[in-house]
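For reference, the structure is listed below as structure tokens.
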Amino acid sequence: MIITLEQAVKILVEDGIVAIPTDTVYGLAVLLEHEKAINSLSTLKQRPHDNPFPVLISSLEQAEELTSSLPDNFYQLTNAFWPGALTLVVSANEKIVPKSVRAGLKTVGIRMPNHPLALKLIEKVGPLVAPSANLSGTPSSTSPEHIMDDFGRDFPILGHDPCQGIESTLLIAQDDSWLLARQGAITRDQIEQVLGIPIKESTSAPGKKHPHYAPKAKIILGDAEYHGDPAVVIGFEGRVYPGAKMVYTLGNLKNPETIAANLYAVLRQLDQDGITSAWVDHHFPKTGILATVSDRIKSIVKHGFSRLN
Ligand code: TXA
Ligand code: MG
């Protein structure tokens, strides 16, 4: 159910949950100080309790209130990428950020989304606890239909824009540098250019323990040549897949942003159509946003089926 900004404010203030659009994917939002709503959010998403929730903000002042100390190069990153698709994990102000948001950690993940409606809402009600709007482990939602599929047709959704399609990049502050915990819409190259130092990957981020982004269908990584099995292919415009009975297209490789934007919609469509297995074309340059698309596909192939077992 599509709602207005005023209705969203009312629901949030009354301890409720609303879906909100952002520049990356839809989020499920509750107010920061509303512990009851935060618990309901965990239950609704079926989110494991050891996986912390990120917080969305609309100003640097809010970022400073939620944190206890900020690394020097924090502002280098925010100047370059906020508002935008970058979540920064830093020391939390434990008096303000509830333990349930942090999953007991001493840190908090914050992001200023580049979306006018989301920013307007946060200006009215303050920082929002807002994970992606999907059942834990499944593909993120990039349109209101996806949210209704997961949470029912009456679930309140602010706005109706489709989102850009891939989650924010997640960096964790460590000493004077940052660890890359999740590739996302902003590429590693862009970040390294701003920081002027290379960044390492985090191997132990809390989100890494859990499966993500997976449809019910079994996805087979197409690194070798396609020989017609399975009969369903997830591929690219302008390519031929001899023997395929059905091809779901992610778009044209000349337009990588479209591919990123279509990925979750195509994965969700497979499940809608009752497809049980698909071969995904993995022959593409792993640069820029396509590196993130490749990362998501590999993550689905690795963890996807375990969710059903
Ligand atoms: O683009 C996005 O980031 C979207 C939109 C809605 O803003 N949100 C999103 O939220 O993808 P979620 O909850 O699906 O993913 C957030 C990730 C999780 O992997 C979580 O483990 C990590 O952020 N995270 C949050 N707080 C953290 C913390 N204190 N330490 C380490 N990781 C944290
Ligand atoms: Mg998520």
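Order of listing sets the numbers, starting from 1, for every ligand and every atom in it. Here, residue 1 is the first one in the sequence, and each next residue gets the next number.
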- Query: Can you find an N/O atom of Lys45 closer than 3.5 Å to an N/O atom of ligand 1?
  - Reply: no
- Message: For ligand 1 and Thr107, I'd like to know whether there is a polar contact (N/O to N/O, distance under 3.5 Å).
- Response: yes
For [X] and [Y], does a side-chain donor sit closer than 3.5 Å to a side-chain acceptor?
| X | Y | answer |
| --- | --- | --- |
| Tyr26 | Asn134 | no |
| Ser168 | Thr87 | yes |
| Gln269 | Asp273 | yes |
| Gln174 | Ser177 | no |
| Asp149 | Gln272 | yes |
| Arg111 | Thr22 | yes |
| Tyr264 | Glu167 | yes |
| Ser68 | Glu94 | no |

Tell me the protein heavy atom at minimum distance from [atom], and give that distance in Å.
| atom | answer |
| --- | --- |
| atom 19 (O) of ligand 1 | Gly207 CA, 3.8 Å |
| atom 32 (N) of ligand 1 | Pro206 CG, 3.7 Å |
| atom 21 (O) of ligand 1 | Asn51 OD1, 2.5 Å |
| atom 14 (O) of ligand 1 | Ser132 OG, 2.8 Å |
| atom 5 (C) of ligand 1 | Thr24 OG1, 3.5 Å |
| atom 3 (O) of ligand 1 | Ser168 OG, 2.6 Å |

- Message: Using heavy atoms and a 4.0 Å limit, tell me yes or no: is Arg111 in contact with ligand 1?
- Response: yes
- Message: Tell me whether ligand 1 is touched by Pro54 - counting only heavy atoms on the residue side and a distance under 4.0 Å.
- Response: yes
- Task: Kindly identify the option in Gly109, Pro52, Ala29 whose heavy atom sits closest to atom 33 (C) of ligand 1.
- Result: Pro52
- Message: Looking at non-hydrogen atoms alone, which of Thr87, Val89, Val97 comes nearest to atom 30 (N) of ligand 1?
- Response: Val89
- Message: Under 2.8 Å from the Mg ion (ligand 2), is there any N, O or S atom belonging to Ser136?
- Response: no
- Query: With the threshold set at 4.0 Å, does a side-chain nitrogen-carboxylate oxygen contact exist between Arg182 and Glu201?
  - Reply: no
- Message: For Phe284 and His282, take the angle between the two ring planes, folded into 0 to 90°, and tell me which bin it lands in: parallel under 30, tilted 30 to 60, perpendicular over 60.
- Response: perpendicular
- Task: Mark yes when over 12 heavy atoms from residues, nucleotides or ligands other than Asp176 sit less than 6.0 Å from its CG; otherwise mark no.
- Result: no
At less than 4.0 angstrom from any non-hydrogen atom of [X], what atoms of ligand 1 do you find?
| X | result |
| --- | --- |
| Tyr26 | 6 (C) |
| Glu167 | 1 (O), 11 (O) |
| Gly27 | 6 (C) |

Is it the side chain, the backbone, both or neither of [X] that has a heavy atom closer than 4.0 Å to ligand 1?
| X | result |
| --- | --- |
| Leu170 | side chain |
| Arg182 | side chain |
| Arg47 | side chain |

- Item | Ring center gap for Phe74 and Trp82 short of 6.0 angstrom | yes
